[in-house]
Amino acid sequence: MIILASQSPRRAELLTQIGIEFRIVATAIDESVHPDERAADYVERVAIAKAKRVHDEFPDCPVLGSDTAVVIDHTLLGKPRDREQGIDMLLRLSGRTHEVLTGVAVVAEQVHYRLNLSRVTLRNISPQEAAAYWATGEPADKAGGYAIQGLAAVFVEHIEGSYSGIMGLPLFETMQILAAIGVQSRWRP
């Protein structure tokens, strides 16, 4: 059994998919980007901070934290603060390839960390489509202002990398860490 330091239903779904027993203990941390912070450093810092904060409360249980960032033109796009920013983010990604970085950390006796980098190409998206997508409510709490596993799947022309990483929890890297600390999936011998 591990603890997932996240309220993300996507991360919970992904852990369930691979047969990991977990419980959820969400925590709030400051997720603001520091000045001149690189995206890879940002997701590492935030993923580890989430896991450490919960591990401080439950020191006898491994705690998994994860964080995702979307990057275009060397700019980190977090979660949109409002409709205007959400539509702007999607139009900025329209017809282009961007990077999605997801860091996954497990804090047990020590900190274990892996980074996943994927590339996503979106087709051209009209302002009307971007506004209609925002109106669904789906992109409001998603890095980069879209959810690949949801309605925005129709915008995705090509991905290179990890679909689960783009969703918010790279399963390959997650299982590498969990196996290294002795956590097994329910379906694996």
Side-chain angles (χ1 to χ4, degrees), residues 2 4-22 24 26 31 38-44 46-48 50-51 64-73 75-80 86 89-106 112-125 129-130 132-134 136-180 183-188:
I2 68 167
L4 173 61
S6 173
Q7 291 186 52
S8 165
R10 296 167 311 283
R11 290 185 178 120
E13 271 178 35
L14 289 166
L15 282 178
T16 300
Q17 175 184 322
I18 60 172
I20 298 299
E21 293 184 44
F22 66 95
I24 295 171
E31 294 188 34
R38 294 178 332 123
D41 297 332
Y42 169 79
V43 296
E44 179 177 6
V46 173
I48 291 171
K50 289 176 183 177
L64 185 149
S66 186
D67 197 66
T68 301
V70 171
V71 178
I72 189 142
D73 299 327
T75 302
L76 194 151
L77 303 181
K79 297 173 185 175
M89 281 183 184
L90 196 56
L91 294 177
R92 190 170 180 184
L93 299 173
S94 173
R96 302 182 60 202
T97 300
H98 61 275
E99 294 182 335
V100 179
L101 290 84
T102 300
V104 60
V106 175
H112 302 267
Y113 178 78
R114 299 281 187 282
L115 174 67
N116 176 268
L117 186 146
S118 299
R119 289 182 178 80
V120 179
T121 303
L122 299 184
R123 68 166 171 80
N124 288 319
I125 301 165
E129 287 176 304
Y133 179 56
W134 179 263
T136 69
E138 183 179 89
D141 66 341
K142 309 293 187 296
Y146 77 95
I148 194 168
Q149 75 281 3
L151 298 170
V154 299
F155 302 141
V156 178
E157 186 175 303
H158 178 77
I159 69 168
E160 177 185 331
S162 168
Y163 183 77
S164 63
I166 298 164
M167 283 180 63
L169 186 66
L171 295 179
F172 177 78
E173 290 83 353
T174 299
M175 279 310 302
Q176 281 185 316
I177 295 171
L178 294 177
V183 175
Q184 291 296 318
S185 166
R186 281 179 270 151
W187 64 268
R188 293 183 66 189

From [X] [atom1] over to [Y] [atom2], what is the distance, rounded to the nearest 0.5 angstrom?
{"X": "Ile48", "Y": "His112", "atom1": "CD1", "atom2": "NE2", "value": "11.0 Å"}
{"X": "Leu15", "Y": "Leu171", "atom1": "CG", "atom2": "CG", "value": "7.5 Å"}
{"X": "Thr136", "Y": "Leu151", "atom1": "OG1", "atom2": "CG", "value": "5.0 Å"}
{"X": "Leu77", "Y": "Thr68", "atom1": "CG", "atom2": "OG1", "value": "13.0 Å"}
{"X": "Glu13", "Y": "Ser164", "atom1": "CD", "atom2": "OG", "value": "12.0 Å"}

So, using side chain to side chain donor-acceptor pair (under 3.5 Å) as the criterion, who are the partners of [X] when residues are at least two apart?
{"X": "Thr174", "answer": "none"}
{"X": "Glu173", "answer": "Asn116"}
{"X": "Asn124", "answer": "none"}
{"X": "Lys50", "answer": "Asp67"}

* N/O donor-acceptor pair under 3.5 Å between Ser118 side chain and Ile166 backbone -> no

* Structure fact -> Only residue of Leu169, Val183, Ile177 satisfying side-chain contact (heavy atoms from CB on, under 4.5 Å) with Leu64 is Leu169

* What closest approach, in Å, do Ser162 and Gly165 show between heavy atoms, and which atom pair accounts for it? -> OG-N, 2.8 Å

* To do: Would you mind listing every side-chain hydrogen bond (donor to acceptor under 3.5 Å, both in side chains) that reaches into residues 137-148, with sequence neighbours excluded?
  =>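 Those involving residues 137-148 are His98-Tyr146, Tyr133-Glu138.
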
* **Contacts of Leu117 that satisfy side-chain contact (heavy atoms from CB on, under 4.5 Å) - sequence neighbours left out** =>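 Counting only residues at least two positions away or on another chain, Leu117 forms a side-chain contact (heavy atoms from CB on, under 4.5 Å) with Glu99, Leu101, Arg119.
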
* **Pairing residues for Ser6 by the side-chain contact (heavy atoms from CB on, under 4.5 Å) criterion, not counting sequence neighbours** => Leu4, Ser8, Arg11

* Can you tell me which residue pairs pass the ring-ring contact (aromatic ring centres under 6.0 Å, His included) test with a partner in residues 156-178, sequence neighbours excluded? =>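 Residue pairs with at least one partner in residues 156-178: there are none.
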
* Would you indicate whether Glu31, at its atom CD, is surrounded by more than 12 heavy atoms from other residues, nucleotides or ligands within a distance under 6.0 Å? => yes

* Asked: Phe22 versus Thr16: any side-chain heavy-atom pair under 4.5 Å?
  ->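 Yes. Closest side-chain heavy atoms under 4.5 Å.
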
